[in-house]
Amino acid sequence: LRVRPDISFQNVAGGSYWVRSVLSGGQYVHQSKRITTGLSISPTIFGLFPGFGPLSRIRHSLSPSLSYRYAPRASVNPEYLRALNQNPVGYLGAYAQSQLTLSLSQIFDAQLRSDTSASGEGRKVKLLALDLSPITYEFERARKTHRTGITTTEAGYTATTDLLPGFSFRSDYSLF
């Protein structure tokens, strides 16, 4: 079980800290920063299974990750938003943020049977590794807009294996 606290300073509006555009009259304008705190928890659960054929045993590891992040309400320089051609009225980026993110990884490993009669263990191979992309829910956005708080626009997975060297498969799906 891994528990990890997190404290960082981030740009309120995302993107660059300084911008310059035609809309700002060629002048540099900047945005604000705010503190973000969070906590992540990542347990790993193992299961051992008997093998078959050339496999002496199979191990399945499941690693969910759950993290929570909070950032207080902040203000964004209206000149900065104008330089990006964004309307300051109803701008959601300055609201407090309260996010919950969930991701999942699982790996199926196998130990090959040893060719020798000695007690030496056989080679280990990764049969399949699946990594699901994280999904984030924003509580404050859902409360302010009275709509869904899911901020993830795409979900997907990546599959890799040692059985086909260099093989990696990725598939993404649009959520909206």
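- Counting only heavy atoms from C-beta outward, the side chains of Arg34 and Gln97 approach each other to under 4.5 Å.
- In this model, no donor atom of one side chain and acceptor atom of the other lie less than 3.5 Å apart for Ser61 and Thr44.
- When atom types are taken as modelled, the side chain of Ser16 and the backbone of Val19 share no donor-acceptor pair closer than 3.5 angstrom.
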Could you list the donor-acceptor pairs under 3.5 angstrom formed between side-chain atoms of residues 6-15 and any protein atom two or more places apart in sequence or on another chain?
{"unit_1": "Asp6", "atom_1": "OD2", "unit_2": "Arg69", "atom_2": "NH1", "d": "2.4"}
{"unit_1": "Gln10", "atom_1": "OE1", "unit_2": "Thr36", "atom_2": "OG1", "d": "3.4"}
{"unit_1": "Asn11", "atom_1": "OD1", "unit_2": "Lys33", "atom_2": "NZ", "d": "2.6"}
{"unit_1": "Asn11", "atom_1": "ND2", "unit_2": "Gly15", "atom_2": "O", "d": "2.8"}

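- Thr152 places no side-chain N or O within 3.5 Å of a backbone atom of Glu154 that could act as its donor or acceptor partner.
- Taking the six-membered ring where tryptophan is involved, the planes of Tyr28 and Trp18 are perpendicular, since the angle between them exceeds 60° and thus also 30°.
- Contact annotation: the side chain of Arg20 never approaches that of Val29 to less than 4.5 Å [non-hydrogen atoms, C-beta and beyond].
- With hydrogens and angles ignored, the 3.5 Å screen pairs a side-chain donor or acceptor of Ser32 with a backbone N or O of Ser75.
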ask   = Where do Thr136 and Thr101 land on the side chain to side chain donor-acceptor pair (under 3.5 Å) test, with the steps shown first?
value = CA-CA 4 Å; Thr136 302; Thr101 302; 3.0 Å; yes
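- Of the possible polar contacts, none joining the Ser133 side chain to the Tyr157 backbone as a donor-acceptor pair under 3.5 Å is found.
- There is a path of hydrophobic side-chain contacts, each under 4.5 Å, that joins Phe108 to Leu55.
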request  = Test side-chain contact (heavy atoms from CB on, under 4.5 Å) on Leu1 and Ile41 and set out the steps.
outcome  = CA-CA 7 Å; Leu1 176 67; Ile41 184 167; 3.4 Å; yes
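- No hydrogens or angles considered: a donor-acceptor pair under 3.5 Å links the side chains of Thr158 and Arg170.
- No continuous path of ILVMFWY side-chain contacts below 4.5 Å connects Leu163 to Ile107, so the two sit in separate hydrophobic clusters.
- A 6.0 Å sphere centred on CZ of Phe52 holds no more than 12 heavy atoms belonging to other residues, nucleotides or ligands.
- Applying the salt bridge (charged side-chain N to carboxylate O under 4.0 Å, His left out) test to residues at least two apart or on different chains, the pairs with a partner in residues 128-140 are Glu140-Arg143.
- When hydrophobic clusters are built by joining Ile, Leu, Val, Met, Phe, Trp and Tyr residues whose side-chain heavy atoms come closer than 4.5 Å, directly or via intermediates, Leu130 is grouped together with Leu62.
- Judged purely by distance below 3.5 Å, without hydrogens or angles, the side chains of Tyr137 and Thr148 never pair a donor atom with an acceptor atom.
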inquiry  = Using the rule given for side-chain contact (heavy atoms from CB on, under 4.5 Å), can you reason through Gln31 versus Asn77, listing the C-alpha separation, both sets of side-chain angles and the distance that settles it, and then say yes or no?
reply    = CA-CA 6 Å; Gln31 63 169 304; Asn77 182 353; 5.7 Å; no
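- Side chains of Leu81 and Asn87 form no contact here, defined as non-hydrogen atoms less than 4.5 Å apart.
- Two different hydrophobic clusters hold Phe46 and Phe49 under the rule that ILVMFWY side chains link at heavy-atom gaps under 4.5 Å.
- Identified under the salt bridge (charged side-chain N to carboxylate O under 4.0 Å, His left out) test for residues 79-95, with sequence neighbours left out: Glu79-Arg82.
- A heavy-atom distance below 4.5 Å is found between the side chains of Leu132 and Leu104.
- Put simply, the side chain of Pro54 does not reach to within 4.5 Å of the side chain of Arg113, judged on heavy atoms.
- Side-chain contact between Val3 and Leu39: present, with at least one pair of heavy atoms (C-beta onward) separated by less than 4.5 Å.
- The side-chain heavy atoms of Pro64 and Pro43, taken from C-beta on, include a pair separated by under 4.5 Å.
- There is a path of hydrophobic side-chain contacts, each under 4.5 Å, that joins Phe169 to Val125.
- Annotation for Tyr70 and Ala96: closest pair OH-CB, 4.2 Å, computed over non-hydrogen atoms.
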ask   = Would Asp109 and Lys126 count as a salt bridge (charged side-chain N to carboxylate O under 4.0 Å, His left out) if you check the C-alpha gap in whole Å, the side-chain angles of each, and the deciding distance to 0.1 Å?
value = CA-CA 4 Å; Asp109 290 317; Lys126 177 173 46 175; over 6 Å; no
